[in-house]
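The structure under discussion appears below in the form of structure tokens.
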Amino acid sequence: MTLQINSDEERVDLLIDGDIYEEHAEFLRDMSFSYARRGIKKMDIQLNSTYYISLKGQQCLNFMRETLGRQGIQVAFKPNLEVLFCQ
């Protein structure tokens, strides 16, 4: 997995290429929680060349999205995670 990050005070854009396994998802979760502590309000995650996300990775990313959502942080996956999970 490769990752490109663009951020400012209120927004983080992540561009991800490659498959996502549990350890990658955990890294993304921890990094996202760190940005949340700094006060971001929106996170856009673009899954470019991602064709596979492991089951544990899926669970971790869903946990991240739900947890951040409860904190009022908008998290958008493009394409939508559910589309990738059904493949």
Side-chain angles (χ1 to χ4, degrees):
M1 178 189 87
T2 59
L3 174 65
Q4 180 181 345
I5 303 169
N6 296 309
S7 67
D8 59 32
E9 296 294 319
E10 294 198 12
R11 177 189 183 107
V12 176
D13 295 323
L14 304 176
L15 178 62
I16 299 172
D17 285 307
D19 297 334
I20 300 174
Y21 295 92
E22 181 179 5
E23 61 272 14
H24 300 128
E26 289 171 350
F27 168 78
L28 292 169
R29 178 200 62 207
D30 294 345
M31 182 183 63
S32 298
F33 289 171
S34 176
Y35 276 110
R37 286 190 297 274
R38 294 182 200 156
I40 63 132
K41 301 296 180 205
K42 185 172 183 178
M43 180 174 292
D44 285 330
I45 302 172
Q46 177 70 40
L47 302 169
N48 250 7
S49 299
T50 301
Y51 302 106
Y52 174 78
I53 303 175
S54 71
L55 178 60
K56 295 242 183 205
Q58 293 171 26
Q59 293 168 344
C60 185
L61 293 177
N62 278 327
F63 173 77
M64 175 194 78
R65 179 176 50 186
E66 292 168 6
T67 301
L68 292 175
R70 286 192 298 272
Q71 296 175 21
I73 299 168
Q74 181 183 8
V75 179
F77 284 90
K78 298 171 187 169
N80 193 316
L81 280 180
E82 285 72 23
V83 171
L84 284 172
F85 292 169
C86 292
Q87 296 179 359

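The chain is numbered in sequence order, starting from 1.
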Distance-minimising heavy-atom pair for L47 and F77: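 Reported closest heavy-atom pair: CD1-CD2, 4.1 Å.
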Roughly how far apart are [X] [atom1] and [Y] [atom2], rounded to 0.5 Å?
{"X": "M64", "Y": "N62", "atom1": "CE", "atom2": "CG", "answer": "9.0 Å"}
{"X": "K56", "Y": "L61", "atom1": "NZ", "atom2": "CG", "answer": "14.0 Å"}
{"X": "F33", "Y": "R38", "atom1": "CZ", "atom2": "CZ", "answer": "14.0 Å"}

Side chain to side chain contact (heavy atoms under 4.5 Å, CB included) between N6 and V12, worked out: CA-CA 6 Å; N6 296 309; V12 176; over 6 Å; no
Run the side-chain hydrogen bond (donor to acceptor under 3.5 Å, both in side chains) test against [X] and tell me which residues pass, sequence neighbours left out.
{"X": "T2", "value": "none"}
{"X": "R37", "value": "none"}
{"X": "D13", "value": "R11"}

State whether the side chain of Q58 and the backbone N or O of I53 hold a donor-acceptor pair below 3.5 Å, judged by distance alone. yes
Do side-chain atoms of S49 reach the backbone of G18 as a donor and acceptor pair under 3.5 angstrom?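 The answer is no, because no donor-acceptor pair under 3.5 Å joins these two groups.
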Under the side-chain contact (heavy atoms from CB on, under 4.5 Å) test, residues paired with Q46 that sit two or more places apart: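 side-chain contact (heavy atoms from CB on, under 4.5 Å) list for Q46, sorted by chain: L15, N48, K78.
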Going by the rule side-chain contact (heavy atoms from CB on, under 4.5 Å), which residues pair with E9 if we only count those two or more places apart in sequence or in a different chain? none
Using the rule given for side chain to side chain contact (heavy atoms under 4.5 Å, CB included), can you reason through Y35 versus I73, listing the C-alpha separation, both sets of side-chain angles and the distance that settles it, and then say yes or no? CA-CA 10 Å; Y35 276 110; I73 299 168; over 6 Å; no
With heavy-atom distances below 4.5 Å as the criterion, would you say the side chains of [X] and [Y] are in contact?
{"X": "S7", "Y": "I40", "result": "no"}
{"X": "D44", "Y": "L14", "result": "no"}
{"X": "R65", "Y": "T67", "result": "no"}
{"X": "T50", "Y": "D17", "result": "no"}

Show me the side-chain donor-acceptor pairs of residues 20-31 shorter than 3.5 Å, one per line, residues at least two apart or across chains.
unit_1 : atom_1 : unit_2 : atom_2 : d
H24    : ND1    : Y21    : N      : 3.0

Using the rule given for side chain to side chain contact (heavy atoms under 4.5 Å, CB included), can you reason through M1 versus I16, listing the C-alpha separation, both sets of side-chain angles and the distance that settles it, and then say yes or no? CA-CA 7 Å; M1 178 189 87; I16 299 172; 3.7 Å; yes
